[in-house]
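For reference, the structure is listed below as C-alpha cells.
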Protein chains: 2
Amino acid sequence: MTPLDQDAPLGRRDLRKQQTRAALTGAALRLCSARGFEHVTVDDISAEAGVSSRTFFNYFASKEDAVLGDHLVEVDAMRARLAVLLPTMGVLEAVRRAVLLVVAAMEADRDHWFLRMEIIQRSPQLLPRLVLSNAEAERATTEQIAAHLGLDPVRHGYPALVVATTSAAFRVAATRWMAAAGGLSLGALVDEAFTALAAGLPDPH
Amino acid sequence: MTPLDQDAPLGRRDLRKQQTRAALTGAALRLCSARGFEHVTVDDISAEAGVSSRTFFNYFASKEDAVLGDHLVEVDAMRARLAVLLPTMGVLEAVRRAVLLVVAAMEADRDHWFLRMEIIQRSPQLLPRLVLSNAEAERATTEQIAAHLGLDPVRHGYPALVVATTSAAFRVAATRWMAAAGGLSLGALVDEAFTALAAGLPDPH
DNA sequence: AAATAAACTTGCAGCCACTGCAAGTTTAAG
DNA sequence: CTTAAACTTGCAGTGGCTGCAAGTTTATTT
C-alpha cells in the first residue's frame with residue numbers, strides 16, 4: 001500500500017531526506033546571511049542542522065551548492081515549454097516566454113532568493129558558480145534551438161549566441177530585482193530587457 | 001641612471017619576478033593541459049617552475065589564477081579606448097570597436113589561449129572563474145557607460161544590459177574560435193556576433 | 001515477526017588549497 | 001658599507017572535501 005497518487009515515492013526515509021536537505025540549505029542561508037559566506041564553516045552549518053559534517057557532504061558536493069541550490073526542476077520545465085513554443089514563433093520570443101517559468105519559480109521562492117542574492121552580492125565568488133550551474137542548462141538549450149533550426153551548433157554561432165545573451169539579460173534583470181528589494185516585478189524587468197535585446201540594444205534617451 | 005625610456009621600471013629584481021611569473025603560468029598550462037586541472041597540485045606546478053609552493057601563492061591567489069591569468073592590461077586599454085569612442089558613435093558600436101583591442105591581445109597570445117581554453121573545456125569549474133575575472137571589469141565598464149549616458153546604473157538597466165550581453169557574445173565568439181582550432185579569425189567571429197546583436201537576434205535561414 | 005538486505009549517518013584518517021608568521025637571503029638605496 | 005626594503009621559504013595550522021569501515025535505521029522477504 002504505497003501511496004503513489006502524486007509523482008514522488010514518499011517513504012519515511014525519503015521524507016526525512018528532503019527534510020534534512022531543507023534544514024541544511026536553511027541553516028546555510030541563515031548563517032551566511034548573518035555572518036557572510038566565508039565566515040561560516042561546514043561544521044557550523046551541519047551543527048545548526050543537527051547532523052555531522054560528513055553527512056553534509058552526502059547531500060551537497062560543496063559548501064557553495066548548499067547556498068545556491070539545484071534548480072534542476074525549472075530547467076526541465078523550461079526545456080519542455082521551449083519544445084512547445086519554438087515551432088509557433090521566433091526563437092527570441094519563445095525563449096522570452098519560456099524564461100517566464102523560471103521567473104515564476106523565483107518569485108514563488110522569493111524569500112530564499114533574496115537571502116541567496118544578498119549573500120552572493122557580498123561574496124562575488126558565488127556569482128560565477130551560479131552561472132556555472134546554468135552552464136549545463138545553457139548547453140542543452142543551445143542544442144535544442146540548433147536542432148529546431150536545423151543548424152550545426154558548432155558551425156553556426158546563432159543558437160549559442162541567443163542562449164548566452166538572453167541568459168545574461170536575465171541575470172541583469174535578476175540583479176536589478178534584488179537591488180530594488182522586491183519593489184519591482186521580476187517579470188517586468190525581464191520583459192524590459194528582452195524588449196531592448198529584440199530592438200538591437202539601441203541607445204536610450 | 002635608471003632606464004625609463006619605455007613604461008616599465010626594469011631592475012634586476014622586477015625582471016626576475018616577471019620571469020618567475022611566466023615560468024609558473026607556463027608550468028601550470030603545460031601540466032594542466034597534459035593531466036587535466038584537477039590532477040595537478042600546486043606543488044607540481046611550483047616544482048616544475050623551480051620555486052617553493054609558498055612562493056607560488058606570493059604570485060597567484062589561487063591555482064585557478066595561474067591558469068587563467070590577469071588580463072588587467074587589456075581591461076585598462078579597453079576603458080581608455082571606450083572613453084575616446086563613446087562621444088562619437090552609438091554605445092554598441094563603441095563597445096564593438098573597443099573589444100577589438102582584447103581580440104588583438106588574444107590573437108597575439110594565441111598559443112597560451114588555446115591551452116587555456118582546452119583546459120577550461122575539460123574542467124568546467126574554471127569557466128565561472130574566468131567570468132568572475134571579467135566581473136569587476138564589467139562593473140567598471142557599466143559605470144563608464146552609465147556616466148556617459150547620464151544614467152543612474154541602478155535605476156536604469158541599459159548599461160548593465162549592454163555590457164552583460166556583449167560580454168556573452170564575446171564569450172561565444174571565443175568559444176567558436178577555439179572549437180575551430182584557429183581556422184577562423186577571432187575578429188571576424190566577434191564582428192558576426194555583434195552584427196546579430198545589433199539586428200536584434202533575428203531568426204536566421 | 002524474524003531475518004536479510006539496502007540505505008543513511010558518522011567518525012576517522014588523510015589530501016590538498018590556502019594563509020600568517022618568522023626566519024633567512026637577495027637587491028636596492030643612502 | 002650600512003641600512004632598509006623586497007623576495008623566498010619552511011612551518012604550523014585552518015578548512016574544504018573524500019574514501020573507508022564501522023554502526024544504525026528503514027525497507028523487503030520469507
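Letters A, B, ... are given to chains in the order of the sequence lines, protein chains preceding strands, and every chain is numbered from 1.
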Between the side chains of A/Asp43 and A/Ser46, does any donor sit under 3.5 Å from an acceptor? no
Measure [atom1]/[X] against [atom2]/[N] and give the value in whole Å, please.
X	N	atom1	atom2	value
B/Leu15	C/dT26	CG	P	18 Å
A/Leu31	D/dG15	CG	P	14 Å
A/Asp65	D/dG16	CG	P	14 Å
B/Gln19	D/dC7	CD	C1'	14 Å
A/His39	D/dG15	NE2	P	11 Å
A/Lys17	C/dT9	NZ	C1'	12 Å
B/Leu24	D/dC7	CG	C1'	13 Å
B/Glu64	C/dC16	CD	P	17 Å

Does A/Tyr59 reach the side chain of A/Lys17, with side-chain heavy atoms less than 4.5 Å apart? yes
Can you list, by residue number, the residues of residues 43-63 of chain B that have a non-hydrogen atom closer than 4.0 angstrom to DNA chain D? B/Val51, B/Ser52, B/Arg54, B/Thr55, B/Asn58, B/Tyr59
Tell me, please, whether A/Trp113 has A/Arg110 positioned over its six-membered ring: NZ or CZ under 6.0 Å from the ring centre and within 45 degrees of its axis? no
For residues [X] and [Y], report the shortest heavy-atom separation together with the two atoms involved.
X	Y	answer
A/Val102	A/Met78	CG2-SD, 3.9 Å
A/Ala77	A/Leu101	O-CD1, 3.6 Å
A/Ser123	A/Phe37	OG-CB, 3.4 Å

